[in-house]
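So the structure is just underneath, and the comments pick up after that.
Every chain is numbered from 1, with letters handed out A, B, ... down the list of sequences.
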Amino acid sequence: MARMIVQETALGRRIDDIDVLDRKMFVKGTEEEMRRSFLGSEVTGTFRHGKNLLIGIGDRWLYVHLGMSGSLHMVGPGERTPHQRLRLGMGGSALVLDDPRRFGRFGLYRRPEDLVSEKGLGPDALRITDRELAERMEGRRGAIKPLLLDQSILAGVGNLYADECLFQEGLHPATGVRVMTGAELTGLGRRVRKVLETSIAAGTDFAKLPDGSLLRRREEGAPCPRCGRELASMRLGGRTTVLCPACQPFRADW
DNA sequence: GAGTATGTTATATG
DNA sequence: GCATATAACATACT
């Protein structure tokens, strides 16, 4: 979605002002380098891989990761957001990175390939094939959910979407990946793409997701969208995990 | 004050 | 090397 904002509001526009409001989040490259490349240059394109976004400006790519609470906005003249961390001015309006918790990051890359290799990212979750997913899970041990969140296996699945995918597939998050069948892995690959596509189509507004989506009300004690029984919550890999114990039976004999 | 939160990374442990 | 758990990061909210 962040990429779409840039595509629709910033593409082709010229940067005439730069405001780095949080140096701690500026993790790669220098402000000098940014000014030299960006000022007077146009936004030429975007590139996304998993949760990482690159915005081409001049001869550099602006790297943006939204962390847990970040967001991108195009704001009008004089307008500001509550937690601005970076502002790129263009003809009065500005592209703003807002992030209350400051877990987000930004920086500069020379080429998109550098981002993928430097971070060791797996295939993008929207484009990964069923076979690729199955292959990359081979030889692994442990519960499926933490593996789904591992950005080096596939890039782009976060905690909430991992829960949604496993729920849709009727798989308990702690299912041992070694006891999963080929068909289950294939189904999961297809589900990952489907869940992300559906969310994007809904503008990441969970209320607009189809009936039967866990994300519409992902909380302990809420009714399971499929069977109506109470959803349970547990911690897995340090992350809150919501599931339906009835629809997602536990089997982890690895 | 305590507990929790959509992510990533470092560190310790088995 | 691999997997797991925990803490840390920084802030908002219940």
*Could A:Glu33 and A:Arg60 be called an ion pair, given the rule that one side-chain N must be under 4.0 Å from one carboxylate O?*
yes
*asked:* Could you identify the nucleotide paired to C:dA5, looking across every strand shown and requiring Watson-Crick or G-U wobble geometry with both distances under 3.5 Å?
replied: B:dT11
*Can you tell me if the side-chain N/O atoms of A:Arg105 get under 4.0 Å from OP1 or OP2 in B:dT8?*
no
*According to a strict under-4.0 Å criterion, is A:Arg235 in side-chain N/O contact with OP1 or OP2 of C:dA5?*
no
*Only one of A:Arg239, A:Lys145, A:Gln248 clears side chain to side chain donor-acceptor pair (under 3.5 Å) with A:Asp163; which?*
A:Lys145
*Answer yes or no: does a side-chain N or O of A:Lys51 lie under 4.0 Å from OP1 or OP2 of B:dT8?*
yes
*Quote, to the nearest angstrom, the P distance that separates B:dG3 from C:dT6.*
15 Å
*Could you walk me through whether A:Lys24 and A:Arg102 pass the side-chain contact (heavy atoms from CB on, under 4.5 Å) check?*
CA-CA 9 Å; A:Lys24 199 151 191 185; A:Arg102 302 170 68 203; 4.0 Å; yes
_Both A:Leu149 and A:Ser233 contact DNA chain B. Which one's nearest nucleotide lies toward the 5' end?_
A:Ser233
*asked:* Distance check needed: B:dG7 C1' versus A:Tyr161 OH, whole Å only.
replied: 14 Å
*Side chains of A:Thr81 and A:His83: do they bring a donor and an acceptor to under 3.5 Å?*
no
*Residues A:Glu164 and A:Arg218 bridged, charged N to O under 4.0 Å*: no
*Rounding to a whole Å, what distance do you find between A:Leu209:CG and B:dT6:P?*
17 Å
*asked:* Please give the distance between the P atoms of C:dA7 and B:dA2 as a whole number of Å.
replied: 15 Å
*How long is the line joining CZ of A:Arg218 and P of B:dT4, in whole Å?*
14 Å
Could you pull out the protein-nucleic contacts involving nucleotides 10-14 of chain C (nitrogen or oxygen on both sides, under 3.5 Å)?
| from | atom 1 | to | atom 2 | distance (Å) |
| --- | --- | --- | --- | --- |
| C:dA10 | OP1 | A:Lys24 | NZ | 2.2 |
| C:dA10 | O4' | A:Arg101 | O | 3.3 |
| C:dA10 | O3' | A:Arg102 | NH1 | 2.9 |
| C:dA10 | N1 | A:Arg101 | NE | 3.3 |
| C:dA10 | N1 | A:Arg101 | NH2 | 2.7 |
| C:dT11 | OP1 | A:Arg102 | NH1 | 2.5 |

*Once you round it to whole Å, what is the distance between P of B:dT8 and CD of A:Glu118?*
15 Å
_Gap between atoms CG and P, on A:Leu53 and B:dT6 respectively (whole Å)_ = 22 Å
*Closest to side chain of A:Arg141, choosing from B:dG7, B:dT9, C:dA3*: C:dA3
*Are A:Phe106 and A:Phe26 close enough that their ring centers fall under 6.0 Å?*
yes
*What is the distance, rounded to the nearest whole Å, between atom CD of A:Glu138 and atom P of C:dA3?*
13 Å
*Round to a whole Å and report the spacing from CG of A:Leu160 to P of B:dT4.*
16 Å
*Salt bridge flag under 4.0 Å for residues A:Arg217 and A:Glu219*: yes
*In whole angstrom, give the distance that lies between atom CG of A:Leu66 and atom P of B:dT6.*
15 Å
